[in-house]
Amino acid sequence: MTIKVTFPDGAARDYARGTTGTTVVEGISKSLAKKTVAMRWNGVLSDLSDALEADGRIEFVTRDSGSKDVLELIRHDAAHVLAEAVQELWPTTQVTIGPVIENGFYYDFKRDEPFSEEDFPAIEKKMAEIVDRGAAFTKEVWTRDQAKTFFNARGENFKVELVDAIPADQSLKMYKQGQWIDLCRGPHMRTVKDVGMAFKLTKVAGAYWRGDSNNPVLSRIYGTAFATKEELEAYLHMVEESEKRDHRKIGQEMDLFHFQAEAQGSVFWHPRGFVLYNQMEAYIRRRLNSSGYVEVKTPQLMSSKFWEQSGHWGKYRENMFVVPDEVPGTEETGPVLTGKGDLMALKPMNCPAHVQIFNQGIKSYRDLPLRMAEFGCCHRNEAHGALHGLMRVRQMTQDDAHIFCREDQLQGETEHFVHLLYSVYGHMGFENVVIKLATRPEKFGGTVERWDAAEKALGDALRATGYDFEIAEGEGAFYAPKLEFHLKDAIGRSWQVGTLQLDYVLPERLDATYIAEDGSRQYAVMLHRAILGSLERFIGMMIENYAGRMPMWLAPTQVVVATIVSEADDYAVKLVNQLKAAGIRAELDVRNQKINYKVREHSVGKVPLMFVVGKREAEEGTVSVRRLGSDGQKVEPFMDAIIALMAEATAPDLKVAQAA
């Protein structure tokens with residue numbers, strides 16, 4: 001009995017049923033076989049040794065391909081190597097789970113004495129020995145009783161629990177690497193040697209078994225692995241740079257903001273930080289105003305009935321702050337709340353409220369497109385453990401907007417948005433932008449025809465802009481395709497920031513209609529779009545991208561006028577007043593401190609410019625200009641210095657307007 005195997009180039013060959021992927025690749029090319037570590041069979045990542053039992057399509061995964069598949073395989077196998085190394089060094093340690101995560105992997109262990117980073121050199125040395133031994137990965141399918149007997153005999157209680165949790169309709173796979181064996185869904189590469197030596201253990205932490213605080217605390221070892229040592233070194237350098245650029249650390253040094261336990265996930269903006277925030281908001285507001293958007297303001301707190309109607313109550317309620325609509329009790333011995341009040345919720349997003357504004361009055365096809373923007377303060381009930389400075393907060397403000405348009409306006413509105421987005425990112429200093437068109441997922445709402453039309457409209461719009469884009473197959477939202485915009489920062493990290501999402505569902509749920517040219521009543525097409533996304537997160541990203549050395553137009557303090565001697569104090573005060581009158585954010589430093597101390601302090605505060613003045617500068621009407629990061633200084637007439645600073649401190653969109 002034969003089966004037909006189809007290759008990526010469309011060619012097909014017949015093989016005996018039960019032929020393995022290994023046999024297929026070896027029959028094609030010995031050199032290809034040496035590089036191949038796994039395969040995709042009918043789109044599913046699989047062991048190369050798996051038998052092919054029916055017709056299908058095959059793709060070979062080579063170790064040098066640089067693909068996402070091979071990186072995940074390397075990291076998955078490295079987690080197994082880590083677990084084997086730990087049990088060789090400490091045989092009584094129990095192993096639990098070891099998944100691949102973003103940028104690496106981890107493995108959780110149960111040990112009487114928790115691991116520390118001091119254990120890493122010994123573990124890494126043992127891992128290298130195991131890789132060098134090069135044992136083959138072999139898969140066996142066991143019965144549940146067989147697996148439980150095996151793990152019980154070894155005292156692996158957590159593995160026994162995992163076996164019990166596997167659904168009855170799923171096979172139970174055991175993978176061997178030499179004498180070591182583990183329960184695993186797979187797949188794996190051919191041998192342990194395929195992991196290579198480009199791995200590194202990074203940190204250790206405590207973790208509850210299965211994330212439940214009622215369960216035992218495990219010792220979690222994190223690591224990372226790459227295909228080459230060069231890639232590993234580049235990643236470790238990026239991590240080192242990331243730590244130096246941590247926005248939480250820099251924010252404290254610059255006195256921008258802080259967080260505290262009494263307001264989890266909410267930012268306390270300090271005066272300097274709020275200057276930065278306001279500059280960012282003012283910039284994007286000007287850009288939206290000049291691009292035909294109207295700005296609105298909608299309520300923070302709305303009835304649960306409203307969210308039920310929009311569909312968020314059923315699908316998103318766990319991420320919402322829900323409050324009862326009742327007056328709290330004031331009696332010392334009585335309850336604060338009776339539980340009888342109707343439920344309300346703080347809005348986690350603005351879109352349903354914008355539909356309410358759209359629905360006020362009858363809309364004609366001539367009224368579209370309507371571009372509606374709001375700097376809406378939203379609240380999302382993020383878990384405490386997920387919060388991370390400005391990057392993950394509970395209270396946020398978005399540069400949120402929704403475009404209500406006709407179907408025939410979809411392409412034009414997408415082009416308009418993409419051009420605006422690229423202009424904004426350019427002004428923020430980001431030139432490396434990757435666009436992804438996320439297409440129809442396996443489970444989707446609506447018809448295939450509507451999806452095809454929507455994907456074509458978005459694709460045509462992107463091609464019309466001239467910008468390259470990638471297809472993110474099957475990653476669209478449930479109701480429609482979307483565009484994602486990813487930025488690369490100064491140290492090579494990628495951030496998803498902007499988005500444009502098509503929505504046919506919400507207008508239908510909330511009855512957002514217009515009168516078409518033929519007099520019929522039609523549902524508007526709704527585009528959810530953001531450029532910066534959360535202002536908090538984007539500011540955090542900007543701080544890390546620039547390592548706190550913000551562009552002059554965004555710098556909270558643009559210049560400090562610092563004196564060398566007290567005889568120059570009056571002159572310094574006069575200069576600061578003139579700078580402020582010219583719209584420059586200037587501060588005065590006439591403290592009785594040495595100038596080198598002042599320079600160091602303002603350098604830590606990332607002030608981009610200092611005007612240093614002494615007795616001579618006061619007599620001659622000059623300033624010594626010192627730039628952040630520069631050892632030298634230049635003496636200039638004050639008026640020349642202020643004119644140059646005014647030009648440098650002008651926001652980029654205003655420069656464009658002045659030049660027009």
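Just the heavy atoms: all of them, side chains too, but no hydrogens, waters or symmetry mates, feed the values below.
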Are there more than 12 heavy atoms of other residues, nucleotides or ligands under 6.0 Å from atom [atom1] of [X]?
| X | atom1 | answer |
| --- | --- | --- |
| Lys580 | NZ | no |
| Glu117 | CD | yes |
| Lys200 | NZ | no |
| Lys203 | NZ | no |

Nearest 0.5 Å please: distance from the [atom1] atom of [X] over to the [atom2] atom of [Y].
| X | Y | atom1 | atom2 | result |
| --- | --- | --- | --- | --- |
| Phe404 | Leu527 | CZ | CG | 9.5 Å |
| Leu301 | Asp325 | CG | CG | 7.5 Å |
| Arg463 | Gln411 | CZ | CD | 9.0 Å |
| Ile284 | Leu532 | CD1 | CG | 4.5 Å |
| Lys347 | Arg380 | NZ | CZ | 11.5 Å |
| Met428 | Phe538 | CE | CZ | 5.5 Å |

Flag the pair [X] / [Y] as yes when at least one side-chain heavy-atom distance between them is below 4.5 Å, and no otherwise.
| X | Y | result |
| --- | --- | --- |
| Met541 | Val497 | yes |
| Leu487 | Ser494 | no |
| Phe358 | Val296 | no |
| His602 | Asp589 | yes |

Decide if the gap between the ring center of Tyr523 and the ring center of Tyr504 is smaller than 6.0 angstrom.
no
Do Phe268 and His258 make the cut of ring centroids closer than 6.0 angstrom?
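Yes, ring centres under 6.0 Å apart.
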Ignoring hydrogens and angles, tell me if any N or O in the side chain of [X] forms a donor-acceptor pair with the backbone of [Y] under 3.5 Å.
| X | Y | value |
| --- | --- | --- |
| Arg371 | Ser291 | yes |
| Glu455 | Arg440 | yes |
| Asn381 | Asn319 | no |
| Gln300 | Cys377 | yes |
| Thr499 | Leu483 | yes |

Non-hydrogen atoms of Gly605 and Met254 that approach each other most closely:
O-CG, 3.6 Å
To check you understand the geometry: which heavy-atom pair defines the closest contact between Lys606 and Glu253, and what is its length?
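For Lys606 and Glu253, the tightest heavy-atom pair comes out as NZ-OE1, 3.6 Å.
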Run the side chain to side chain donor-acceptor pair (under 3.5 Å) test against Asp342 and tell me which residues pass, sequence neighbours left out.
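Asp342: no side chain to side chain donor-acceptor pair (under 3.5 Å) contacts found.
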Can you name the side chain to side chain donor-acceptor pair (under 3.5 Å) partners of Arg627, sequence neighbours left out?
Glu648
May I ask you to check whether [X] and [Y] show a side-chain donor-acceptor distance below 3.5 Å?
| X | Y | result |
| --- | --- | --- |
| Thr465 | Glu415 | no |
| Glu374 | Thr298 | yes |
| Gln356 | His354 | no |

So which pairs with a foot in residues 368-387 pass ring pair (Phe, Tyr, Trp, His ring centres under 6.0 Å), sequence neighbours left out?
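Qualifying pairs: none.
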Parallel, tilted or perpendicular: ring planes of Phe430 versus Tyr425, cut at 30 and 60 degrees:
perpendicular
Aromatic plane relationship, Phe274 with Tyr277 - under 30° parallel, 30 to 60° tilted, over 60° perpendicular:
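Ring orientation of Tyr277 relative to Phe274: parallel.
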Presence of salt bridge, [Y] and [X], under 4.0 angstrom:
| X | Y | answer |
| --- | --- | --- |
| Arg248 | Asp246 | yes |
| Glu587 | Arg272 | yes |
| Arg287 | Glu281 | no |

Could you walk me through whether Phe259 and Leu390 pass the side-chain contact (heavy atoms from CB on, under 4.5 Å) check?
CA-CA 9 Å; Phe259 293 88; Leu390 297 177; 3.9 Å; yes
Between Val559 and Leu645, does the side-chain contact (heavy atoms from CB on, under 4.5 Å) criterion hold? Intermediate values first, please.
CA-CA 9 Å; Val559 62; Leu645 178 53; 3.9 Å; yes
Between Arg529 and Glu413, does a salt bridge (Lys or Arg N to Asp or Glu O under 4.0 Å) hold up when you go through it step by step?
CA-CA 11 Å; Arg529 46 108 294 168; Glu413 286 304 299; over 6 Å; no
Which pairs of donor and acceptor atoms, one on a side chain in residues 234-241, lie under 3.5 Å apart (sequence neighbours left out)?
| residue | atom | partner | partner atom | Å |
| --- | --- | --- | --- | --- |
| Glu241 | OE1 | Arg245 | NE | 3.3 |
| Glu241 | OE2 | Lys244 | NZ | 3.4 |

Identify, with sequence neighbours excluded, every residue that meets side-chain contact (heavy atoms from CB on, under 4.5 Å) alongside [X].
| X | answer |
| --- | --- |
| Asp468 | none |
| Tyr514 | Lys363, Tyr365, Leu368, Arg406, Ala516, Gln522, Ala524 |
| Ser304 | Glu308, Trp313, Leu343 |
| Ser534 | Met396, Glu536, Arg537 |

side-chain hydrogen bond (donor to acceptor under 3.5 Å, both in side chains) between Thr650 and Gln658, intermediate numbers included:
CA-CA 10 Å; Thr650 302; Gln658 291 169 1; 4.6 Å; no
Residues which pass ring pair (Phe, Tyr, Trp, His ring centres under 6.0 Å) with Trp553, listed by chain and number, not counting sequence neighbours
Tyr283
Output, in order, the C-alpha distance, side-chain angles, deciding distance and verdict of ring-ring contact (aromatic ring centres under 6.0 Å, His included) for Tyr222 and Phe105.
CA-CA 6 Å; Tyr222 288 90; Phe105 60 88; 9.1 Å; no
side-chain contact (heavy atoms from CB on, under 4.5 Å) assessment of Tyr293 paired with Leu420:
CA-CA 12 Å; Tyr293 287 79; Leu420 173 61; 4.1 Å; yes
What residues form a salt bridge (charged side-chain N to carboxylate O under 4.0 Å, His left out) with [X], not counting sequence neighbours?
| X | result |
| --- | --- |
| Arg220 | Asp108 |
| Asp400 | none |
| Asp69 | Arg40 |

Test side-chain contact (heavy atoms from CB on, under 4.5 Å) on Thr557 and Arg585; report intermediate values, then the result.
CA-CA 5 Å; Thr557 302; Arg585 296 187 289 277; 5.6 Å; no
